[in-house]
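Input: a single structure, listed below in structure tokens.
Side chains are part of it too, since the values below use all heavy atoms of this structure and drop only hydrogens, waters and symmetry mates. This structure is a prediction, so every number in the text was calculated from the model and none was measured.
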Amino acid sequence: AIAGTATTRRLASMEGVTLTVFFALTGVILSVAVNYVVLRYALRPLTSLQATAERVTAGDLSVRAEQPGGGDPLIAQLAQAFNAMLDQVEDDTRAIEHSRALTERLTQQVIEAQEEERQRIARELHDDTAQALATLVIYAETASQQPALPTFVAERLHGLRSLASQTLEGVRTIIADLRP
């Protein structure tokens with residue numbers, strides 16, 4: 001731009017105003033073009049960082065920012081910090097996945113333990129409580145059919161049989177509900 005201005009002054013006195021305008025415009029255009037090329041080159045690492053950030057936003061955590069060579073050291077530090085953050089995010093993601101898998105496995109073990117406990121309780125209710133109640137119903141029925149039994153005792157035995165039958169049905173319902 002300075003050389004163009006000096007040349008324009010020298011030539012302006014010789015050939016007129018048109019030549020001066022021409023050289024001034026040429027100087028401005030060349031200056032803008034050179035600045036564009038220099039800025040484009042200087043900002044290329046930032047463009048690379050932007051592309052990397054867009055890929056990360058799209059879900060690609062394996063991508064890393066390129067380390068610019070010979071440019072601004074602050075941009076190199078930025079790329080290095082960006083890569084360190086991505087490494088940390090990748091490590092955290094792996095830890096979360098491991099934790100999720102462990103949680104699923106432990107949940108499955110808890111469910112299996114609950115099912116086994118329910119089966120054990122159902123078996124014990126069936127084998128012990130239900131059998132005892134069924135025996136009680138049979139004994140009450142047999143005892144109430146004895147001849148020459150006082151009415152009061154026969155009524156009590158009938159009530160006992162009815163209560164034992166209802167309780168037995170309740171236990172059977174509980175057993176059915178405990179099944180997986």
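- A continuous path of hydrophobic side-chain contacts links I121 to I175 [ILVMFWY only; heavy atoms under 4.5 Å].
- In this structure, CZ on R44 lies 10.0 Å from CD on E66, to the nearest 0.5 angstrom.
- Among all heavy-atom pairs drawn from R55 and D60, the shortest one is NH2-OD2, 2.8 Å.
- Looking at L74 and Q77, their side chains come closer than 4.5 Å, going by heavy atoms from C-beta outward.
- Counting heavy-atom neighbours within 6.0 Å of E112 CD, excluding the residue itself, gives a total above 12.
- Between the side chain of N35 and the backbone N or O of S31 there is at least one donor-acceptor pair closer than 3.5 Å.
- Closest non-hydrogen pair, P45 versus I75, comes out as CB-CG2, 3.4 Å.
- Checked by atom type, the side-chain pair E141/Q145 shows a donor-acceptor distance below 3.5 Å.
- Distance check, rounded to the nearest 0.5 Å: CG of L178 to CD of E124 gives 11.0 Å.
- When side chains are defined from C-beta on, R161 counts as touching S165, because their heavy atoms get closer than 4.5 Å.
- When only modelled atom types and interatomic distance are considered, Q88 and D92 share a side-chain donor-acceptor pair under 3.5 Å.
- Taking 4.5 Å as the limit, every side-chain heavy atom of T129 sits out of range of all side-chain heavy atoms of T167.
- The distance from atom CD1 of I111 to atom CD of E116, rounded to the nearest 0.5 Å, is 12.5 Å.
- Of all non-hydrogen atoms in E90 and L61, the two that sit nearest each other are OE2-O, 3.4 Å.
- From L157, atom CG reaches atom OG of S162 across 12.5 Å, with rounding to the nearest 0.5 Å.
- Shown here is R156, whose CZ atom has no more than 12 heavy atoms of other residues, nucleotides or ligands within 6.0 Å.
- Dense packing is recorded around CZ of R94, with more than 12 heavy atoms of other residues, nucleotides or ligands lying under 6.0 Å away.
- The closest side-chain heavy-atom distance from L78 to L46 is below 4.5 Å.
- The hydrophobic cluster analysis finds L163 isolated: no Ile, Leu, Val, Met, Phe, Trp or Tyr side chain comes under 4.5 Å of it, directly or through other members.
- L49 approaches A65 most closely through the heavy-atom pair CD2-CB, 3.4 Å.
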Test side chain to side chain contact (heavy atoms under 4.5 Å, CB included) applied to H126 and R123, step by step: CA-CA 5 Å; H126 178 269; R123 260 192 322 273; 5.7 Å; no
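- Rounding to the nearest 0.5 angstrom, the gap separating the CG atom in L168 from the OG1 atom in T173 is 9.5 Å.
- The existence of a salt bridge linking R64 and D87 is confirmed by a sub-4.0 Å separation between a basic side-chain nitrogen and an acidic carboxylate oxygen.
- Of the possible donor and acceptor atoms, one in the side chain of T93 sits under 3.5 Å from a partner among the backbone N and O of V89.
- For the atom pair CG (L136) and CD (Q131), the distance works out to 12.5 Å, reported to the nearest 0.5 Å.
- Side-chain contact check for Q50 and E54: at least one donor-acceptor pair (N or O, by modelled atom type) lies under 3.5 Å.
- Cluster membership check: L149 shares its hydrophobic cluster with F152, using side-chain heavy-atom separations under 4.5 Å among Ile, Leu, Val, Met, Phe, Trp and Tyr.
- Between A53 and F82, the closest heavy-atom pair is CA-CZ, 3.8 Å.
- There is a path of hydrophobic side-chain contacts, each under 4.5 Å, that joins M85 to V56.
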